[in-house]
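For reference, positions follow the sequence shown, starting with 1.
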Amino acid sequence: MSSEESTAQRSPEIDNDGRTTKRQKLSSPFDDLHISDDSILDTVTERSECPRCRKSVKYFCYRCFDVVGMDRSLIPTVELPVRLNVIKHEQELDGKSTAVHAKVIAKGDVDFYSWKEIPDFEKPERSLLLFPGPDAKRLTEIPRGAFDRIIVIDGTWKQANRIVRETPILQKMQKVTIAPRKTHFWRYQQLSENHLATIEAIYYLYREFGEAYNQGGYTDGRYDNLLFYYRYFYKLIQETYRKNKEKKYTHRHRQNYIRYEEEKESDVAEMKKEPKAPTGVDPS
């Protein structure tokens with residue numbers, strides 16, 4: 001869990017009787033998506049012990065991918081049309097991995113592997129590797145029957161490049177890319193704002209899957225809940241810094257990241273627009 005998330009989670013709304021109150025509703029660039037109500041997460045004020053690994057965690061376990069501190073039925077579930085395999089660099093900290101959100105939300109359709117434990121994928125040529133490059137194609141250019149699984153790298157951009165460069169089986173896979181989007185990630189990066197957090201990249205790829213292969217396009221928001229935790233953490237961080245304007249968001253992050261003024265309309269338009277050219281994805 002990043003330091004920004006930890007800071008935000010230390011300040012729940014408390015009334016005069018010491019009871020946790022409902023968090024003030026703030027607009028966000030995710031408002032027009034079909035994401036479930038996340039107010040249940042506001043009731044979690046302390047860490048809990050994961051029943052399986054005994055690690056002290058909040059909301060979910062980064063190792064076991066289980067919901068912790070509440071019943072699993074209170075958290076949305078997403079069914080993916082193609083199995084997702086996440087390859088995580090060993091040096092990527094568990095608490096900073098947003099790809100974990102996909103495993104928690106779509107547990108039955110997501111597999112996690114460390115880089116050194118990549119399986120010998122059968123028929124790798126029938127896999128799509130989400131990675132930019134001159135040979136990477138959009139889903140609209142790839143026949144639906146040409147692939148059986150999707151591979152995503154989880155790590156910094158430098159780590160991801162190394163994984164792809166030094167792993168022969170990944171080089172046998174088809175490369176897929178997504179349209180450029182602006183990240184809403186709170187974690188510092190030296191790359192452009194078009195380099196997305198891993199969960200953003202995963203979401204947009206499955207959204208583009210719906211646009212490319214579903215009759216009638218992507219209209220029901222069936223994959224929007226992949227961003228369930230991501231939106232919640234985004235709102236927590238925004239709220240924390242908006243309430244305490246003397247608390248400065250580090251200059252190492254993107255300028256004007258904290259939305260002190262309402263900017264909903266422009267942000268929603270940015271999420272909805274269809275850009276003209278593909279971009280790279282920063283799997284972080």
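- Because its NZ or CZ atom is both nearer than 6.0 Å to the ring centre of F147 and within 45° of the ring axis, R144 counts as a cation-pi partner of that residue.
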| Intermediate values then yes/no, ring-ring contact (aromatic ring centres under 6.0 Å, His included), Y230 and Y203 | CA-CA 11 Å; Y230 187 80; Y203 164 67; 9.7 Å; no

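- Inspection of the Y206 and D224 side chains reveals no N or O donor paired with an N or O acceptor under 3.5 Å.
- For the pair K175 and F131, the NZ or CZ position fails the cation-pi test of under 6.0 Å to the six-membered ring centre and within 45 degrees of the ring normal.
- Not counting sequence neighbours, R149 has no partner by the salt bridge (Lys or Arg N to Asp or Glu O under 4.0 Å) test.
- Checked for salt-bridge contact, R162 and E166 meet the test: a charged N lies under 4.0 Å from a carboxylate O.
- Rounding to the nearest 0.5 angstrom, the gap separating the CD1 atom in I105 from the CD1 atom in I75 is 6.5 Å.
- When hydrophobic clusters are built by joining Ile, Leu, Val, Met, Phe, Trp and Tyr residues whose side-chain heavy atoms come closer than 4.5 Å, directly or via intermediates, L84 is grouped together with V82.
- Partner I151 forms a side chain to side chain contact (heavy atoms under 4.5 Å, CB included) with one of D111, I169, I87 and no other, that one being I87.
- If you check the side chains of S127 and Q174, you find no donor sitting under 3.5 Å from an acceptor.
- Because its NZ or CZ atom is not both nearer than 6.0 Å to the ring centre of F30 and within 45° of the ring axis, R231 does not count as a cation-pi partner of that residue.
- Remark: D38 engages K235 in a salt bridge, criterion side-chain N to carboxylate O under 4.0 Å.
- None of T167, L129, L130 except one satisfies the side chain to side chain contact (heavy atoms under 4.5 Å, CB included) rule with I153; the exception is L129.
- Taking the salt bridge (Lys or Arg N to Asp or Glu O under 4.0 Å) definition, one finds that R63 meets it with nothing, sequence neighbours left out.
- Heavy atoms from other residues, nucleotides or ligands lying under 6.0 Å from CD of E141 number more than 12.
- A salt bridge is defined here as a Lys NZ or Arg NE, NH1 or NH2 lying under 4.0 Å from an Asp or Glu carboxylate O, and E125 with K172 fails to meet this definition.
- K116 has no carboxylate O lying under 4.0 Å from a charged side-chain N of E90, or vice versa, which leaves the two without a salt bridge.
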